[in-house]
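Side chains are part of it too, since the values below use all heavy atoms of this structure and drop only hydrogens, waters and symmetry mates. These numbers were taken from a predicted model, which means no experiment stands behind them. Below, chain A is the first sequence line, B the second, and so on; all start at residue 1.
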Amino acid sequence: MPQEDKPIPPARLERNNNDERYDPQRIEQKWTERWQSDPSLYAAEAHSTKPKFYVLEMLPYPSGALHMGHVRNYSIGDALARYMWMNGYNVLHPMGWDSFGLPAENAAIKNNTPPKQWTLANIAAMKVQMKRLGFAYDWSCEVTTCLPDYYRWNQWFFLKLYQSGLAYRKKSKVNWCPVCCTVLANEQVVNGNCWRHEDTPVEQRELEQWFLRITKYADELLRDLEKLQGWPEKVRIMQQNWIGRSEGTLVDFDLGGTVGPAGSTITVFTTRVDTIYGATSVQLAPEHPIVADIASRHPDLRAQVDQLIAEQRKAKETGDIGAIEKHGVFTGRYAKNPYNGEAVPVWVANYILMDYGTGAIMSVPAHDERDYEFANKYKLEIRLVILPQSSDPEETMVEPPLPFTTKDGIVVNSGEFSGLSCDDAIKKMTARAEEKGFGKATVTFRIKDWGISRQRYWGTPIPMVYCDKDGVVPVAEKDLPVILPDNVPITLAGGSPLAGVPEFLNTTCPKCGGPARRETDTMDTFVDSSWYFYRYADAHNDKAPFDSATIAYWFPIDQYIGGVEHAILHLIYSRFWTKFMRDMGLVKNDEPVARLFTQGMVIKDGAKMSKNLGNVVSPDEMVARYGADAARLYSLFAAPPDRDLDWQDSGIEGIQRFLGRVYRFFLRNPVKKSRDPEPAEQLVMLSSEARAIQRKLHQTIKRVSHDFQGRWHFNTCIAAIMELVNEIYSAEEAITGGRVPNSLIADAQRNIALLLAPMAPYLAHELWEMTGATSNLLKAPWPKYDPALAAEDEIEIPVQVNGKLRGLVVVPAGATDDQVEQAAIANEKVKAAIAGKQIVKKIVVPKKLVNIVVR
RNA sequence: GCGGGGCUGGCGGAACUGGCAGACGCGCUGGCCUUAGGAGCCAGUGGCCGCAAGGCCGUGCAGGUUCAAGUCCUGUGCCCCGCACCA
């Protein structure tokens with residue numbers, strides 16, 4: 001939503017009529033103007049001998065205003081981009097807009113504004129915010145997914161998917177959100193509710209839909225998770241669970257005669273065929289077609305089954321599926337276990353899901369907890385067929401107190417398979433099924449094909465045509481894009497708005513030229529975000545989605561940064577898209593993203609910021625009060641980036657104080673003699689105060705470099721710079737008294753500007769200029785430290801007696817262990833602590849500590 | 001139930017490979033400067049005892065390994081996130 005204009009209280013410092021005040025508004029405005037005058041400032045180099053680095057933050061939905069989560073995300077990415085520039089990389093750092101989607105339609109209804117107008121206005125507003133925050137984006141390759149020059153390539157990809165058999169149309173039960181009035185992908189259903197309307201249960205509807213065959217890549221998507229060592233383990237595991245690969249066996253149970261159109265066989269799926277001699281019933285999902293067949297002749301059963309179906313649906317909707325009490329009903333029929341020829345009763349049970357496996361299971365109460373619970377309730381036979389490996393095979397447990405469910409056992413009571421280990425039994429029994437033709441090995445996935453049809457207006461039109469003569473016909477490539485018409489009346493009722501636009505709907509068949517109708521559904525917006533980051537590298541290509549050679553240079557993305565909420569949806573779809581493009585020969589990389597970083601949420605008063613709770617902090621207000629640098633620096637300082645950040649207004653004030661301290665140090669100690677950076681002089685004869693500053697300076701460069709590169713602990717980077725500034729302030733008397741050479745002050749100032757440059761770019765640039773430097777700080781080399789100058793002359797060694805701190809001794813940095821030990825023992829407090837006791841052991845950890853063990 | 005992360009002062013957080021727990025910042029207390037201070041500067045600030053010197057206790061809890069444990073091991077509690085009748 002667009003930000004309403006609230007009167008913003010003036011920055012507190014502005015009331016201070018002091019020439020030394022740090023005025024972020026003045027400084028930041030000055031640099032904004034300068035940076036805007038050079039649009040190529042942040043542009044990636046097309047031909048470069050430098051190593052490349054592609055750093056990317058997840059593109060926002062243009063809701064109208066940035067929130068603090070965006071600011072944090074982009075502050076991290078921007079710091080990294082700037083750091084890599086300073087380290088000599090050719091950096092690609094783009095930004096764009098995930099700009100199709102339902103909120104634009106909702107806003108259209110509410111404000112009577114066309115979605116396009118609303119969206120483009122929001123983009124303009126948010127771009128202003130981003131520029132005000134000083135993020136170094138290469139706007140020349142901006143991607144806006146709702147514009148035809150982008151979405152035409154969605155359509156182009158769709159045609160390619162269709163040609164490859166990876167896009168298909170199918171009538172099926174789909175998830176329908178009654179508030180969005182559209183279909184949702186499985187990935188967009190959260191606990192049975194719509195992902196955007198968490199209180200709205202998803203309904204099931206039968207509709208003709210377009211699907212993308214992501215399941216073709218299910219195995220590879222799973223396998224290649226191994227390659228993604230630069231991804232958080234959490235995300236890899238979430239994807240692994242989502243894909244849900246499971247190896248098992250299909251086994252046919254014969255019903256001994258046809259019941260109806262669904263046939264005379266029940267095929268069950270099991271991962272534990274080794275337990276099949278213990279199967280004492282077959283359980284069907286209430287929605288299983290054979291249940292419908294049987295029930296059609298038995299009205300009583302029909303009613304009971306309907307109840308089970310209703311119950312299951314309700315449980316799914318409330319998210320309680322998994323906790324409902326198991327119950328079921330006997331169908332009156334029996335099915336034959338093909339291994340032992342035994343006929344077992346066929347039941348319908350509410351804990352069997354139609355959309356996993358075959359919707360039918362064999363029930364083995366002795367070796368499955370769920371089956372055990374069910375069998376106990378209905379007094380079904382519990383037959384033991386696996387014994388724990390350790391126990392005596394002679395010993396027969398007739399009534400197991402609990403089912404034994406692990407594979408670590410021996411098969412018993414299973415005819416010729418008795419005596420085998422579970423794994424061997426699975427192999428041999430599956431082979432038997434294949435040999436006899438009553439079953440086979442199979443792999444089941446939890447992941448389903450991706451339904452992309454949406455009955456909404458504001459999305460990419462699906463480029464397909466329906467002809468009475470030729471059926472479903474793809475739009476010719478040369479006729480792309482199929483333009484999304486403007487001025488479409490939008491309601492949230494009655495299906496696809498495009499169906500009500502005759503100029504759009506009516507077309508001619510690409511094949512026969514006769515009258516035909518266009519597809520009126522649009523694509524899921526996750527299609528847009530599945531490949532947008534490729535377009536950045538070649539954003540103005542009008543012959544192809546991108547040039548393959550350019551992609552080969554930039555990909556994979558070196559660092560992708562965003563919220564963990566995209567761990568499944570966006571990040572699995574875009575992996576699928578990359579694999580499809582690779583198989584098309586369009587890209588060479590198997591994976592789009594080499595390293596992924598998921599930053600923590602921004603919370604306030606212990607809760608996620610939300611309008612309902614009224615704990616939202618507006619970036620605009622923060623920038624107006626404290627400046628962009630302070631807002632950015634605080635979002636990096638308040639917590640390490642992977643953890644949740646608890647926003648505290650008093651914290652950002654502290655950051656502003658710090659920036660003011662830095663600024664005043666420069667202001668009070670103008671050093672304009674030297675021009676551009678030059679190596680620090682070797683300052684041999686320094687006062688102790690000067691030496692302390694010099695040492696701290698080099699130690700700080702070391703620490704910041706280390707924490708930045710290796711760990712991304714921006715909070716400790718900033719803390720280190722604060723320490724340096726504190727050191728300088730505490731030496732103020734020495735500075736004003738002339739005991740610190742000008743050249744050292746100049747050196748410190750240059751380095752402080754450099755160290756701050758990635759995180760607080762406005763002030764850093766101002767300070768850089770104040771030192772007299774004329775080069776562009778953006779690409780100034782990251783500072784290096786001199787180990788000799790960073791070294792301490794003397795070190796303080798804690799001395800423990802029996803592991804407890806008893807004294808501190810100061811020794812020269814180069815002291816030998818013996819000297820340190822002597823100094824430790826000579827210490828008065830240590831003497832007192834060991835007086836009258838016998839020294840058992842002396843431990844000297846070089847440069848760290850001494851521990852004297854006494855008795 | 002399974003998986004991932006977390007638990008350190010009044011608060012946000014430091015302590016990367018076992019080696020001075022509490023860096024840095026906020027808050028608080030005191031002082032300086034000032035017509036004024038919601039500006040700036042300086043100092044103090046884990047708890048308990050003590051005038052002090054100093055002592056004891058302290059990283060969710062209980063054990064253990066070690067000269068030495070926030071860090072390693074065993075057990076356990078609580079919080080957050082994800083998945084969940086997946087056969």
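- Residue A:Asn726 has its side chain nearest to B:G25 when only B:G25, B:C42, B:G82 are considered.
- Side-chain contact check for A:Asn726 and A:Arg661: at least one donor-acceptor pair (N or O, by modelled atom type) lies under 3.5 Å.
- In this model, the phosphate group of B:C80 is not approached by any side-chain N or O of A:Arg643 to a distance below 4.0 Å at OP1 or OP2.
- Side-chain polar atoms of A:Ser246 and A:Thr271 form no donor-acceptor pair below 3.5 angstrom.
- Remark: P of B:A43 and CD of A:Glu732 are 12 Å apart, rounded to the nearest angstrom.
- Going from atom CD1 of A:Ile655 over to atom C1' of B:G27 covers 15 Å, rounded to whole Å.
- Separation of atoms CZ (A:Arg272) and CG (A:Asp368) is listed at 9.5 Å; rounding is to 0.5 Å.
- Pairing partner, B:G38: none, since no Watson-Crick or wobble contact has both distances short of 3.5 Å.
- For A:Leu808, taking side-chain heavy atoms from C-beta onward, the closest of the listed nucleotides B:C86, B:C20, B:A23 is B:C20.
- Closest to the side chain of A:Lys804, from the set B:C57, B:A23, B:G13, is B:C57.
- In the set B:C57, B:A84, B:A14, the nucleotide with an atom closest to the side chain of A:Arg446 is B:A84.
- Counting heavy atoms from C-beta outward, A:Glu796 and A:Glu794 have side chains that stay 4.5 Å or more apart.
- Across B:C24 and B:G13, the matching C1' atoms stand 8 Å from one another, rounded to whole Å.
- Taking side-chain N and O atoms only, A:Ser246 has a distance below 4.0 Å to OP1 or OP2 of B:A87.
- Between A:Arg370 and B:A84 there is no side-chain polar atom (N or O) within less than 4.0 angstrom of OP1 or OP2.
- Taking atom C1' in both B:A87 and B:C79, the straight-line distance is 33 Å, to the nearest Å.
- When heavy atoms are screened at a 4.0 angstrom cut-off, A:Ile352 is found touching base atoms of the nucleic acid.
- For B:C41, one of the phosphate oxygens OP1 or OP2 lies less than 4.0 angstrom from a side-chain nitrogen or oxygen of A:Arg664.
- Within 4.0 Å of A:Tyr729, counting heavy atoms only, lie sugar-phosphate atoms of the nucleic acid but no base atom.
- Residue A:Gly654 is in sugar-phosphate contact alone, with no base atom involved, counting any heavy-atom pair closer than 4.0 Å across all strands shown.
- Looking at heavy-atom distances under 4.0 Å, A:Asp371 makes no contact with the nucleic acid at all.
- Within the 4.0 angstrom heavy-atom criterion, only backbone atoms of the sugar-phosphate kind lie near A:Val853; the bases stay farther away.
- An anti base is found at B:G5: its glycosidic angle is more than 90° from 0.
- Of the N and O atoms on the side chains of A:Gln283 and A:Tyr351, not one donor lies less than 3.5 Å from an acceptor on the other residue.
- Not a single donor-acceptor contact under 3.5 angstrom links the side-chain atoms of A:Lys841 to the base of B:C67.
- Residue contacts for A:Arg806: at a heavy-atom cut-off of 4.0 Å it reaches the sugar-phosphate backbone alone, with no base atom in range.
- A:Glu233 places its CD atom 13 Å from the C1' atom of B:G82, with the value rounded to the nearest Å.
- Figure legend. B:G19 is base-paired to B:C67; pairs are counted as Watson-Crick or G-U wobble with both atom distances under 3.5 Å.
- Where A:Ser650 and A:Ser730 meet RNA chain B, the nucleotide closest to each residue was compared, and A:Ser650 sits on the side nearer the 5' end.
- For A:Arg657, whose side chain is taken as the heavy atoms from C-beta onward, the closest listed nucleotide among B:A14, B:G12, B:G40 is B:G40.
- Using a 4.0 Å heavy-atom criterion, one finds that A:Pro640 contacts the sugar-phosphate atoms exclusively.
- Spacing between atom CG of A:Leu805 and atom P of B:A15 amounts to 21 Å, rounded to whole angstrom units.
- Taking atom C1' in both B:A43 and B:C61, the straight-line distance is 38 Å, to the nearest Å.
- When the P atom is compared between B:C78 and B:G60, the two are found 16 Å apart, to the nearest whole Å.
- Ring geometry for A:Tyr339 versus A:Phe438: interplanar angle over 60°, hence perpendicular rather than tilted (30 to 60°).
- OP1 or OP2 of B:A15 has at least one side-chain nitrogen or oxygen of A:Arg711 nearer than 4.0 Å.
- Under a 3.5 Å cut-off, the side chain of A:Asn350 and the backbone N or O of A:His327 do form a donor-acceptor pair.
- Closest contact between the side chain of A:Asn851 and the listed nucleotides B:A68, B:A15, B:C85 involves B:A68.
- Figure legend. B:C7 is base-paired to B:G77; pairs are counted as Watson-Crick or G-U wobble with both atom distances under 3.5 Å.
- The separation of B:C57 from B:U8, taken at their C1' atoms, amounts to 15 Å, rounded to a whole angstrom.
- The shortest side-chain heavy-atom distance between A:Val845 and A:Ile843 falls under the 4.5 Å cut-off.
- Base contact: A:Glu796 has a heavy atom under 4.0 Å from a base atom.
- Considering only the side chain of A:Gln648, B:C11 comes nearest among B:G55, B:C20, B:C11.
- Side-chain proximity of A:Pro798 to B:G82, B:C20, B:G19: nearest is B:C20.
- Regarding A:Gln312, its CD atom lies at a distance of 15 Å from the C1' atom of B:A84, rounded to whole Å.
- Only the C1' atoms considered, B:G25 is 14 Å distant from B:G9, to the nearest whole Å.
- When the C1' atom of B:C20 is taken as reference, atom CG of A:Asn827 falls 13 Å away, rounded to whole Å.
- When each of A:Gly803 and A:Asp707 is assigned the nucleotide of RNA chain B with its nearest heavy atom, A:Asp707 is the one assigned upstream, toward the 5' end.
- When distances are taken from the side chain of A:Lys234 to each of B:A14, B:G12, B:G82, the shortest belongs to B:G82.
- If you look at A:Phe637 and A:Phe714, their ring centroids are not closer than 6.0 Å.
- Between A:Asn241 and B:C86, a side-chain N or O to OP1/OP2 separation shorter than 4.0 Å is absent.
- Using Watson-Crick or G-U wobble geometry with both donor-acceptor distances under 3.5 Å, B:C2 finds its partner in B:G82.
- Here the nucleotide nearest the side chain of A:Ile843, chosen from B:C20, B:C67, B:C41, is B:C67.
- Between A:Arg661 atom CZ and B:C42 atom C1' there is a gap of 10 Å when expressed in whole angstrom units.
- A gap of 34 Å separates the P atoms of B:G77 and B:A23, to the nearest Å.
- When the P atom is compared between B:A84 and B:G22, the two are found 45 Å apart, to the nearest whole Å.
- Within the nucleic acid shown, A:Glu723 comes within 4.0 Å of sugar-phosphate atoms alone, with no base atom in reach, counting heavy atoms only.
- Nucleotide B:A43 forms a pair with B:U29, judged by Watson-Crick or G-U wobble geometry with both contacts under 3.5 Å.
- Note on ring orientation: taking the six-membered ring where Trp is involved, the planes of A:Trp647 and A:Tyr634 are perpendicular (angle over 60°, cut-offs 30° and 60°).
- Taking atom NE2 of residue A:His713 and atom P of nucleotide B:C24, one finds them 18 Å apart after rounding to whole Å.
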